[in-house]
Student: 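Supplied in structure tokens, the structure appears directly below.
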Amino acid sequence: MSREGQKLDYAAAGGNGAGGVGIGVLSLDLLGQVLDRLREPRDRKACRLVSRAFERAEATHRRALRVLRREPLPRLLRAFPSLERLDLSACASLDDASLSAAIAAAGAGGLAGLRRVCLARASGVGWRGLEALVAACPRLEAVDLSHCVGAGDREVAALAAAAGLRELRLDKCLAVTDMGLAKVVVGCPRLEKLSVKWCREISDIGIDLLAKKCPELRSLNISYLKVGNGSLRSISTLEKLEELAMVGCSCIDDEGLELLSKGSDSLQSVDVSRCDHVTYQGLASLIDGRKFLQKLHVADCLHEIGQRFVSKLATLKETLTALKLDGLEVSDSLLQAIGEGCNKLVEIGLSKCSGVTDEGISSLVARCTDLRTIDLTCCNLITNNALDSIADNCKMLECLRLESCSLINEKGLERIANCSPNLKEIDLTDCGVNDAALQHLAKCSELRTLKLGLCSSISDKGIAFISSNCGKLVELDLYRCNSITDDGLAALVNGCKKIKLLNLCYCNKITDSGLGHLGSLEELTNLELRCLVRITGIGISSIATGCKSLIELDLKRCYSVDDAGLGALARNAFNLRQLTISYCQVTGLGLCHLLSSLRCLQDIKMVHLSWVSIEGFEIALRAACGRLKKLKMLNGLKTVLSPELLQMLHACGCRIRWVDKPLVYKDC
Amino acid sequence: MASGTATNADPDQQTVRSNSVEQFYFPRPGQSLPGIPPFFGPPSSSLYLANDNEAKVGNQLEPNPSQSTDWDPQAIVSNLTFLEQKIKQVKDVVQSMSNRENQVASGSCEVAAKQQLITADLTSIIIQLITTAGSLLPSMKNPLSSNPAVRQLSNTLGSPMGFGVNANQRPSVDSKTDIPDIGKASGYEELINSLNTTQDERDELIKGPNPCGGEGSEPTPMEDHDVKESDDGDHEGENLPPGSYVVLQLEKEEILAPHTHFCLICGKGFKRDANLRMHMRGHGDEYKTAAALAKPTRDSGSDHAPVTRYSCPFVGCKRNKEHKKFQPLKTILCVKNHYKRSHCDKSYTCSRCNTKKFSVIADLKTHEKHCGRDKWLCSCGTTFSRKDKLFGHVALFQGHTPALPMDDVKRKRRERLFWTAVGGLNWNCGASSRVEDGEINEEVEP
């Protein structure tokens, strides 16, 4: 708990103890101001729990809410009348009925202030729920409906009633067609941001109408649509468009880019990654027309690069800040030309570019001294020399990705660590670095993300270096760092208490006592423990009790984990949303207990549970039926599970992935 | 008596003569000619096969299929009798020819003149023979018949001039025969050519998977092609200056024939490219090379061909070259579609609405795809047959929006389920509004 929190905590407790004086005399407004200044959510929670005054203040002041379960939703909506942002993406088993009922319970005007609603992956919500929501929220501005794979024209048409809508995300709403899009663009003419990524039914006709009806559009994502050049002709008429993403639009070619170039100068960011028919010629003509481009993503679409493109790039000298060339064959001269032409670059992506050498990098960074993000993933020709020149030139460096650059070692990283005090993210996966390298990297006290997968020479000593100075570390990847033992974890949790994502897969020296140390990481949300054969239910229970925020847990091939472990999870890990227990030694009883208790669990992978009987699966799944959204099971179960159950799961918006492997059933 | 003298007098000459006739009748072993009695069987059956199909199609598409099925046994018997007589005549003529040769063996120039006369007789008899044989086919009497095979046959027979097909087109056996090289021989050759042409067509009919060609009810590649180029070739924007292109005018019969390959020189149509290539040999030696006869590789031969535009044979039509604002048609497919759409009966009726009629089958198919369903509805109540038209309308009028097609039955059922579900939920609304652990995620406010 932060210092501010502690102080408030004390004051609030004192106030209550003194019988009404103290914090309670302050007006709700003032208390609200105080709450607004608390940065840590946990501190606010402490305040709320300890003082009724704070609780009241929060009730009137709270603007944002993320609900995790369906049952308290009506109560919460009534409790926080001035909500502006409501996130229901993680709300388990939310469906039309519960959403409508909650909105009805909030009463007239209860949601009048609501502006943004996130319903991503809320696959149980259909048009009725959305209609109720839109009717209750007259000021609705942003809706996120992405990954509701069942959502179609009716759902989108329900949203079209929100005339003030400015932002809409429909990613992967697979059933949305031109008709639904037309409904939205006619109903919401003030739309500024729209994403229809993966809505494969939308065609040129729909995009054309969009361009005609929504002149305010600033950001548009049409990635993976089957639209052609005609769409780009329509899009080029949008006067205010700033961002355009069209990843994987294989029907778009150079002609389309030329059409796009004939528009206003508002366009700042273009993403044509994986557009197979785009060549450098088209990009050159695009740059020709759009002189103020800031971001250009051309990953995995160019096969060659011509002089014309390079010279055009130079015309963007003043504006271009981000350039992604992933997968392109580059030469030293090209990198030099980019360096000379675009010296305002902040981000460069050269992932999987063949031909990137030390010379190329040094000529690039010599001019681009503002670079903050450099992606050199799989540029396996580069050595310490490249790192030296990066360190010497890019003092602002924040993110460096070096996966599979196996020629680098601790000497190069020492330079980087010494010269880049702002380094926040570094990816050293498969670089074969050792403890000495970590000793140098530990100087980067701002480090948030550290990826060390497949660096098997890293030992507890290296982890201790990191933990000594990198207290802000949020993500640590130690995949297959199999020299790490329990002592390393002990050292880690000593210094890095903020870790949220931790990957320890295949670090098979770790035992229950190591997991006992991890139990002190209260903020841990994602933990991967794949194939830790020595851990048992004891270790799992210390994690379940300690890591209160745990959302995702991977226990695949932890052969010694049994019902005791699942029981501990069932009793303690209330926030757990995603769980993998394939190959674990659990029985039907443990599974039933788990699935009936965990009210937030939405995604479970349970392949090869040979000790679970068919009845066990049946009962466990029935217990969790309304909540599950994703399920991975053996194909053999498809025929033996009752059809009603599968139907029910399907009706609740659950998608089942059947694994085609033989069903082994061990009778116990 | 006569035949005996003939054989004795000049056996060589006789052999050649009879060979010539024989080859004229049977150009190649295994082939059969239309209208020749001994070989009447197979071709006629193949034609009836075609005709059967036609009848089937007629039943599907035309309300009154009676015209294609008229069949008068008596007329056929009388026709056959006539044929017998004619064949006897031919025999007589040949015999008398050899007789006369025998008698006047001395004056060779005289013989030549006689031969000419006899040849002319022979020609006219054979034409009669073929005409009668053709008339045996039921649809022959109806000039508007839609049976392409018969139309083609009548077409060829009706105009023995053919389409300028050169004698070179004859089967190679023919060229060896000793046909008297005198003025009248051209008539002979033309007849042979026209017969050969018919032969080609016949071959196609026998071999072709769908004898009815474009008129069949199944889609054929040719029809696909038609769909793609289904506009009349309205190339108003093309504006080729007059004289910069060759204008070719096909005859009506040729246009209506179910061909896809057309001779760029004379416009004659073929169903197979291989047959066209055979035909091209007649247009000059350059088409006789192995390269020209070989299967064409892609994009060869396109550059040296002159710019050709087409005229519609219908006088008074704007697409006719006599029209003062003549607008040529770009391709033969354009000609075909234009002619059918503008100057032919609309014989294909939509089976869904029974009102819309078309003369091009591809048009019917396009229409049938949309007819009666896919009503694109606007919120103002206007319906459209096509989505893009609806969207154009919506774009034009403020506030109009597409109306979603509602599945009423499903909707009601879902509605019922929904409210049952709402009623069944036990909402704990009266409980305290205190936030409990695990219900919400705390979030940092901005």
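Throughout, a chain's letter reflects where its sequence line sits, starting with A, and its residues are numbered from 1.
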Student: For Ser549(A), is it the side chain, the backbone, both, or neither that has a heavy atom closer than 4.5 Å to a heavy atom of chain B?
Tutor: neither
Student: Kindly write out the residues that satisfy salt bridge (charged side-chain N to carboxylate O under 4.0 Å, His left out) with Lys213(A), not counting sequence neighbours, or none if the list is empty.
Tutor: none
Student: Tell me whether Arg627(A) at atom CZ has more than 12 heavy atoms from other residues, nucleotides or ligands lying less than 6.0 Å away.
Tutor: yes
Student: Select, from Ala157(A), Ala182(A), Gly126(A), the one with the greatest count of heavy-atom pairs under 4.5 Å involving chain B.
Tutor: Ala182(A)
Student: In terms of heavy-atom proximity below 4.5 Å to chain B, should Leu209(A) be classed as side chain, backbone, both, or neither?
Tutor: side chain
Student: So, using salt bridge (charged side-chain N to carboxylate O under 4.0 Å, His left out) as the criterion, who are the partners of Lys500(A) when residues are at least two apart?
Tutor: none
Student: Test your reading of the model: is there a side-chain donor-acceptor pair from Asp178(A) to the backbone of Ser203(A), 3.5 Å cut-off?
Tutor: yes
